[in-house]
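Take a look at the structure below.
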Amino acid sequence: MRVRLYGHPFDIDESYLSADPERVRRQIAEYAAGDRREFDLGVTFLDDFRGAVMRAMARVPYGETRTYGELAAEIGSSAVAVGGACGRNPVPVVVPCHRIVAAVSLGGYSATGGVEAKRALLNGEAGQTGLRAWQD
């Protein structure tokens, strides 16, 4: 399924969610409007490294960020491996890979729109929480 947020398209693999497309779209729209900070869509996490990274990303609260290195330390891996797993997240936005940043910059983002899409998501959350906007 493709959804649009802040002018950017995001492809979400519905096979990882236990919710119908209408519910997914509704919750994404609520998130974009600032009315939803957590998704209730029943994400399937695989029992592999990517699943471990996805679980760690899912624990990062709305409006906050963690570095690739912080997630790596949490799960006992390397920042590069975490970055690779973030780039293979099948349910972006729902599992917030955009909240994972480099130590001194935004880092990368594999969704359509790249870093500009990541910046748009982070700035949307910053606007709701009063946190600093991402300009770099």
Side-chain angles (χ1 to χ4, degrees):
M1 136 183 328
R2 180 165 275 195
V3 298
R4 290 192 71 82
L5 287 162
Y6 309 114
H8 297 278
F10 295 88
D11 293 315
I12 297 173
D13 185 341
E14 299 166 77
S15 70
Y16 286 84
L17 303 174
S18 61
D20 63 79
E22 180 181 322
R23 184 172 170 201
V24 174
R25 288 185 189 285
R26 183 178 64 249
Q27 287 195 18
I28 294 284
E30 291 167 355
Y31 166 84
D35 296 330
R36 175 173 291 279
R37 293 182 176 209
E38 295 180 11
F39 294 96
D40 179 23
L41 299 171
V43 177
T44 298
F45 297 105
L46 301 178
D47 291 328
D48 60 6
F49 179 74
R50 184 176 59 164
V53 172
M54 288 175 65
R55 281 184 191 86
M57 289 188 293
R59 290 190 292 270
V60 178
Y62 180 96
E64 295 184 21
T65 60
R66 300 290 183 275
T67 66
Y68 297 107
E70 288 171 328
L71 250 63
E74 182 180 326
I75 64 173
S77 185
S78 74
V80 171
V82 166
C86 288
R88 293 186 313 278
N89 177 12
V91 286
V93 182
V94 175
V95 173
C97 50
H98 61 279
R99 296 180 190 153
I100 313 307
V101 299
V104 295
S105 71
L106 284 175
Y109 198 62
S110 63
T112 302
V115 175
E116 289 304 314
K118 182 176 191 172
R119 181 179 288 112
L121 291 169
L122 290 170
N123 285 342
E125 292 183 12
Q128 296 297 319
T129 61
L131 297 177
R132 78 172 179 94
W134 288 87
Q135 302 300 321
D136 62 0

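As a basis for the values below, the full set of heavy atoms in this structure was taken, side chains included, without hydrogen atoms, waters or symmetry mates.
- For the atom pair Glu30 CD and Arg37 CZ, the distance stands at 13.5 Å (nearest 0.5 Å).
- Taking the charged nitrogens against the carboxylate oxygens, Arg55 and Asp47 do have a contact shorter than 4.0 Å, which makes a salt bridge.
- The same ILVMFWY cluster, assembled from side-chain heavy atoms under 4.5 Å apart, contains both Tyr62 and Tyr109.
- Between the OG atom in Ser77 and the CZ atom in Phe49 there is a gap of 3.5 Å [rounded to 0.5 Å].
- Atom OG1 of Thr44 sits about 8.5 Å away from atom CE of Met54, to the nearest 0.5 Å.
- With hydrogens and angles left out, the side-chain atoms of Tyr6 and Glu116 include no donor and acceptor closer than 3.5 Å.
- Using a 4.0 Å cut-off between a side-chain N of Lys or Arg and a carboxylate O of Asp or Glu, Arg59 and Glu74 qualify as a salt bridge.
- Looking at Thr65, its side chain never comes within 3.5 Å of a backbone N or O of Val101 through a donor-acceptor pair.
- No more than 12 heavy atoms of other residues, nucleotides or ligands lie within 6.0 Å of CD in Glu38, so this atom counts as exposed by the packing criterion.
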Item to complete: Applying side-chain contact (heavy atoms from CB on, under 4.5 Å), run through Leu5 and Tyr31 and close with a yes or a no.
Response: CA-CA 9 Å; Leu5 287 162; Tyr31 166 84; 4.3 Å; yes

Practice prompt. Report the C-alpha distance between Leu46 and Tyr16 in whole Å, list the side-chain angles of each, state the deciding distance to 0.1 Å, and finish with yes or no for side-chain contact (heavy atoms from CB on, under 4.5 Å).
Written response: CA-CA 9 Å; Leu46 301 178; Tyr16 286 84; 4.0 Å; yes

Item to complete: Begin with the C-alpha distance, continue with both residues' side-chain angles, and end with the deciding distance and a verdict on side-chain contact (heavy atoms from CB on, under 4.5 Å) for Val95 and Phe39.
Response: CA-CA 9 Å; Val95 173; Phe39 294 96; over 6 Å; no

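- Side chain of Lys118 to backbone of Ala111: no donor-acceptor contact under 3.5 angstrom is found.
- Summarising the geometry, atom SG belonging to Cys86 is positioned 11.5 Å from atom NE2 belonging to His98; distances are rounded to the nearest 0.5 Å.
- Here the straight-line distance linking atom CG of Leu41 with atom CZ of Arg23 works out to 5.5 Å at 0.5 Å rounding.
- Between the CG atom in Leu71 and the CZ atom in Arg99 there is a gap of 12.0 Å [rounded to 0.5 Å].
- Here the side chain of Gln27 pairs a donor or acceptor atom with the backbone of Asp40 at under 3.5 angstrom.
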Worksheet entry | Working for side-chain contact (heavy atoms from CB on, under 4.5 Å), residues Met57 and Asn89 | CA-CA 10 Å; Met57 289 188 293; Asn89 177 12; 4.1 Å; yes

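- Taking 4.5 Å as the limit, some side-chain heavy atom of Leu17 sits within range of a side-chain heavy atom of Val43.
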